[in-house]
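Below: the structure, in structure tokens.
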Amino acid sequence: MGYVLNFTLIWRHFDKLWSGLILSLELAVLSIGIGCIIGLALAILYVSGGRILRSLIAAYVEVIRNVPLILLVYLVFYGIPTVFDFAYSNTTSFVVTLSAYAGAYLVEVFRAGLDAVPRGLIDAGKAIGLTPFQRLVHVRLPTMLRIALPALSNTFVSLFKDTSVASVIAVPELTYGAQWINFNTFRIMEVYLVVTGLYLVTGYAILIGLRALERRYAIGR
Amino acid sequence: MAASSSATTPLLRVRAVQKSFGSTHVLRGIDLEVARGEVVSIIGPSGGGKTTLLRCVNFLEPYDQGSIAIDGVEVGYRGDETRKRRSERDLARMRAETGMVFQLFNLFPHLTALQNITLGLTKVRGLGRAEAKDKAMHWLGRVGLTDKADRLPSELSGGQQQRVGIARAVAMEPKILLLDEITSALDPELIGEVLDVVLSLAAEGMTMLTVTHEIGFARDASQRIVFMAEGTISAEGPPAEIFSANQSNERLRSFLARFSAAHRL
Amino acid sequence: MLDQIAYAIPFLLPGLLVTIEVSLITVAVSTVIGIVLGVGLVYGPAALRWPIRGFSDIIRGIPILVLLFFVYYGLPLTGLNLQSFAAAVLGLTIFKIAQVIEYVRGAIETVPRGQMDAAKAIGLPFHERFFYVIAPQAVRRFLPPWLNGVTDAVKGSALISLLGVGDLLFGIQKVVARTYDPLALYCFGALLYFVMNYALSIASRALERRFSYIRE
Ligand SMILES: Nc1ncnc2c1ncn2[C@@H]1O[C@H](COP(=O)(O)OP(=O)(O)O)[C@@H](O)[C@H]1O
Ligand SMILES: [Mg+2]
């Protein structure tokens, strides 16, 4: 093959990767946080709302889930500011996009979780005289969260990986850092090996943490 | 919702109740009364509508026709001519007056034994935390589970879970307790501990409507047995009469014969 | 806005075909290889299981974009000179294989152990146990995620525009560069992707129903 791995240049520019990784994590945490609020609110509205509301929520979910994330990123960053007279930084724009994207996936996770709450538990809540709102807060949501935990973990890790798409609008996260080193040092193999390692370690660390939560809280079914 | 607590009105009065699931006519005109302090047990073949009747009593299942009143107050529909369904708030308030224990326990899996009991006490009865806890601990003691207060349902045996289920229901101080085959999901050796709790409640004068396949328990605990099959009550009377060998009701006799054969009674 | 879309269509059509072509190749190749490797992962000897496990976990642990860049920029250094089209298809396929392996494993593991035992008890050899007993039951569990994955493949293929492959998104970008109306064009592009994927998901639901006759 004749290609000799040499990591010296990678280590010299490692701060680019490190700060990139931190930014990737920040993007993920912010978007997942906002996405959870959107997802939870819409899931509750979906299960308790009327037909029109349901159709609107379903439309949001279907549109987002059937369009590539990269296209949504372009749409929000380049498209929206041309009609509405404002500008936002590429980072803000990406957080907006990934939050909306996360929201659509999380509605589905939460909704499926709410559907999976055993009827008997809701009956038991009724039987002790809880109102519908009290049943939602004290029975359905806590049970749903525990049922949905495994699916939530997978979605969170997947959203963390999706932050790499931010590189296409020059948000200096990990993948962007990798490309920068790629084009400036040409230690291509090395940089992608290191970046692969960083994504793997971080992603699996998140997953292991969440799995520990699951073992603690998930309801064995 | 004025309660007419005169001693003559039955605590529970079910009149001409009909209920269908789609094309299945499950309750075909049920009339039943339970007096204050009385224990009534429903027996009968599976699929006969026993569970459905119990669920109608606290309106977990809306019924199509007839009326159900507890302490003179119409349960699911407004007592006036409109027969409009009560608001969810009213329903919740009414349901707090009936306790229910389920075949599959239905304990809240994310709450400890203690919290399963205090949830209704604090949120529905409006007790303070300390007061609710005292009361819950009292009932946990009554069902013999003081030491399991902080366990999650998944850490309890079936018999223990069901005893928490009973404590959760009676701690609300309901006017009537509904028990639906509360031992049929339990291993045989755990049935006794649960029935003992129910017997002691009966001895204290708790009004109960139970569905059970434990003939011995039905005989010992109840003042009256109701035999229900295919959506109607076809025999009713004191245990001695219902279980007597020269029972005239053909259907009841064959049910009991098949039943005791299967259970080697 | 409408005339701009009319102007754009001739640019977008070839891109749309490329997107469909890439998705088809990716799905077809990855399904075949993924099923073989998935069965290897479940029934193979440790020497086979571990490499497959490692491959699948690593590939599924990194963003597709990183994998695509790795293949596109990295492989030429090993002396393998790929056109961007080939590099794109290779990257997407590797990613999809890792997913298909997991679908297969998940599907096989939902078939109760007793089924294999019962098949052994009547004396069937492995390949007959697999084809006549396990596979027909596993198909039902394999299909839903696999069908979902077809939509994923179409969506994932939009990333190859970054490698200079002339797919649908690439076409959209080209028109945006000429007309300076990003909003209209991106919305139109989103609509095209949506129609494609929505049609796919309706078709998959129909297919799922056909296979839902096997009950637990
Ligand atoms: N939610 C329901 N939907 C449709 N049919 C039901 C439902 N609940 C009960 N049934 C039917 O009603 C009949 C009576 O059921 P149930 O009240 O559970 O009888 P039992 O408790 O005496 O065994 C059965 O035929 C059952 O299939
Ligand atoms: Mg029943």
Side-chain angles (χ1 to χ4, degrees), chain A residues 1-5 24 59 62-84 154 157-158 160-168 173-176 178-179 182-183 186-193 195-204 206-207, chain C residues 1 19 54 57-80 148 151-162 167-169 172-173 176-177 180-202:
Chain A
M1 287 195 347
Y3 185 86
V4 183
L5 290 177
S24 292
E62 289 296 338
V63 166
I64 298 269
R65 287 170 68 110
N66 284 309
V67 175
L69 176 58
I70 181 173
L71 180 48
L72 295 174
V73 169
Y74 287 147
L75 176 68
V76 174
F77 184 59
Y78 297 113
I80 288 183
T82 59
V83 260
F84 304 102
N154 293 338
V157 173
S158 166
F160 164 67
K161 289 189 291 167
D162 287 334
T163 57
S164 70
V165 177
S167 62
V168 304
E173 47 66 72
L174 182 51
T175 302
Y176 188 81
Q179 280 178 284
N182 174 356
F183 294 129
F186 298 105
R187 305 313 305 182
I188 297 167
M189 275 293 181
E190 292 85 340
V191 74
Y192 286 114
L193 280 175
V195 164
T196 294
L198 287 174
Y199 272 114
L200 280 177
V201 170
T202 319
Y204 280 106
I206 298 172
L207 198 61
Chain C
M1 181 158 158
T19 291
D57 284 353
I58 289 173
I59 299 298
R60 287 179 311 121
I62 59 175
I64 315 189
L65 195 49
V66 171
L67 181 63
L68 281 173
F69 286 153
F70 208 151
V71 171
Y72 181 65
Y73 295 111
L75 275 190
L77 302 178
T78 66
L80 200 64
N148 250 331
T151 320
D152 282 347
V154 176
K155 288 198 296 173
S157 76
L159 292 172
I160 65 179
S161 58
L162 298 173
D167 76 332
L168 177 56
L169 183 55
I172 295 168
Q173 299 279 71
V176 169
Y180 299 108
D181 189 355
L183 188 72
L185 275 161
Y186 287 132
C187 283
F188 184 60
L191 180 72
L192 289 179
Y193 276 104
F194 176 80
V195 168
M196 228 183 326
N197 283 325
Y198 199 67
L200 272 174
S201 65
I202 287 172

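This one's a predicted model, so the numbers in the text were calculated from it and none came from an experiment. Each chain gets a letter, A, B and so on, in the order the sequences are listed, and its residues count up from 1.
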Please flag which part of [X] lies under 4.5 Å from any non-hydrogen atom of chain C: side chain, backbone, both or neither.
X	answer
A/S167	side chain
A/V195	side chain
A/F183	side chain
A/Y204	side chain
A/S164	both
A/L69	neither
A/V168	side chain

| request: Pick one of side chain, backbone, both or neither for C/L162, based on which atoms fall under 4.5 Å of a heavy atom in chain A. | output: side chain
| field | Heavy-atom contact with chain A under 4.5 Å, split by part of C/L192 | value | neither
| request: May I ask you to check whether over 12 heavy atoms, not counting those of A/Y176, lie within 6.0 Å of atom OH? | output: no
Got [X] and [Y] here, is their nearest side-chain heavy-atom distance under 4.5 Å?
X	Y	result
A/V67	C/L191	no
A/Y74	C/L169	yes
A/R65	C/F194	no
C/L183	A/L75	yes

